[in-house]
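What follows is a short report on a single structure.
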Amino acid sequence: MSGVHVDVIGRGPPLVLLHGWAMHGGVFAPLVERLQATRTLHVVDLPGHGGSRTCDVALTLEAATCAIFDVVPAKAPWCGWSLGGLIAMHAATTQPQRVSALVMLCATPKFVRSDDWPQGMPVEVFRSFADGLRDDWRGTLERFIALEAFGSDHARDELRMLQQDLFARGEPAPQVLADGLALLESCDLRASLQALEVPSLWLAGRRDRLVDPRAMQQASRITTNARHAQVEHAGHAPFLTHAGVVAKHLLDFLPEVEGAGA
């Protein structure tokens, strides 16, 4: 069985980066540039994406987490963006001895709206993307990244960067895209919040149209040893348009919690 692809960049203490739906680790390039002098970055391509397109790992929380543990340091903080946040949170709650801190970057434990979670996205949005994958999957991805960029002060720049990155490491398989949407629609990790042992940072984009920053703030309030911050004027991918701000939040948070752990 072939495993997931990981790029190791930089020097210093480790940090694992997990990308979002339909993308790959290369999307983090602006953030990597700002962190590589002080952190060793383990930039993962999730199963079925980028350099992991041909790996044999299923895109499920458990399978992806186990495969990532095989290629990253024995103990490290994990930062997950969007879909990657669900996987990072699952890793932190199931194996806290392996994940020293958790950063949820524009990610929540539950992406879909419900009566007891009104800040989520309407389920119809996810189902429309699922329908679109069957009819015109490239056009559906274009619509999705446009929604990711919407709201940002630099929406045109963000959209351009996302469009450039989308197929830079090849095209993900339509079935993998469908599996990822199913994860986003079905996962509800809220029950794990109060039991989350590791320190966590919930970093939102104030103008995010996919993940409501109020949902992230609510999740941080439920979680022990958590903090919430938001990047003003940013949409769903603040590490593209506000990479310096995101890097500062990470570099302020990680040494502090690592020092406390030591």
Side-chain angles (χ1 to χ4, degrees), residues 1-8 16-28 42-74 76 78-99 102-112 120-121 123 125-135 137-138 140-141 144-145 148 165-192 196 210-211:
M1 176 180 288
S2 60
V4 298
H5 174 83
V6 59
D7 290 317
V8 182
V16 177
L17 296 177
L18 304 180
H19 63 82
W21 183 72
M23 299 303 296
H24 52 78
V27 74
F28 287 120
H42 298 260
V43 188
V44 175
D45 284 351
L46 296 179
H49 297 73
S52 302
R53 289 193 319 281
T54 60
C55 82
D56 303 317
V57 180
L59 188 58
T60 65
L61 293 185
E62 187 61 26
T65 297
C66 289
I68 294 166
F69 277 136
D70 287 342
V71 296
V72 301
W78 286 32
C79 172
W81 170 51
S82 199
L83 172 62
L86 287 174
I87 296 171
M89 184 176 169
H90 179 75
T93 54
T94 58
Q95 295 200 50
Q97 72 279 8
R98 295 288 310 268
V99 181
L102 172 67
V103 179
M104 296 288 278
L105 181 55
C106 297
T108 67
K110 177 175 165 61
F111 279 71
V112 173
M121 287 284 289
V123 68
V125 173
F126 290 93
R127 291 178 181 169
S128 71
F129 283 123
D131 292 340
L133 287 179
R134 291 189 288 271
D135 300 330
W137 69 271
R138 289 182 178 84
T140 299
L141 290 184
F144 184 81
I145 63 174
E148 287 184 314
D165 285 332
L166 186 58
F167 298 135
R169 295 187 179 180
E171 299 178 353
Q175 183 56 52
V176 170
L177 296 175
D179 291 344
L181 279 181
L183 267 183
L184 289 169
E185 180 181 336
S186 64
C187 279
D188 184 355
L189 302 182
R190 290 177 296 166
S192 303
L196 184 63
L210 280 172
V211 174

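Computed over heavy atoms, backbone and side chain alike; hydrogens, waters and symmetry mates excluded.
Between Ser82 and Gly20, the shortest heavy-atom contact is CB-CA, 4.2 Å. Shortest non-hydrogen contact noted between Leu18 and Gly84 is CD1-O, 3.6 Å. Ala107 and Gly85 get closest at one heavy-atom pair: CB-CA, 3.8 Å. Nearest heavy atom pair, residue Ala91 against residue Thr65, reads CB-CG2, 3.6 Å. A pairwise comparison of heavy atoms in Leu210 and Met121 identifies O-CG, 3.0 Å as the closest pair. Nearest heavy-atom pair across Cys55 and Gly3 is CB-O, 3.2 Å.
Atom CD1 of Ile87 and atom CG of Leu183 lie 7.0 Å apart (nearest 0.5 Å). Here the straight-line distance linking atom NE2 of His19 with atom SG of Cys79 works out to 12.5 Å at 0.5 Å rounding. Rounding to the nearest 0.5 Å places CG of Leu46 at 5.5 Å from CD1 of Ile68. One distance of note links CG of Leu83 with SG of Cys106; it measures 13.5 Å at 0.5 Å rounding.
Contact annotation: the side chain of Leu86 approaches that of Leu184 to within less than 4.5 Å [non-hydrogen atoms, C-beta and beyond]. Looking only at side-chain heavy atoms (C-beta outward), Leu189 and Thr93 stay at 4.5 Å or farther from each other. Annotation: side chain of His90 is in contact with side chain of Glu62 (closest heavy-atom distance under 4.5 Å).
No side-chain donor-acceptor contact under 3.5 Å links His49 to the backbone of Trp21. At distances below 3.5 Å, not a single donor-acceptor pair connects side-chain atoms of Arg53 with backbone N or O atoms of Gly48. Side chain of Trp78 to main chain of Met89: no donor-acceptor pair is present (N/O by atom type, distance under 3.5 Å, no hydrogens or angles). Judged by distance alone, the side chain of Asp45 and the main-chain N or O of His5 form no donor-acceptor pair under 3.5 Å.
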Evaluation steps, side-chain contact (heavy atoms from CB on, under 4.5 Å), between Val112 and Val125: CA-CA 9 Å; Val112 173; Val125 173; over 6 Å; no
Trace of the side-chain contact (heavy atoms from CB on, under 4.5 Å) decision for Leu61 with Thr94: CA-CA 11 Å; Leu61 293 185; Thr94 58; over 6 Å; no
Step-by-step side-chain contact (heavy atoms from CB on, under 4.5 Å) determination, Val16 to Phe69: CA-CA 10 Å; Val16 177; Phe69 277 136; over 6 Å; no
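Ring planes of Phe28 and Trp81: perpendicular class, angle over 60° (limits at 30 and 60°).
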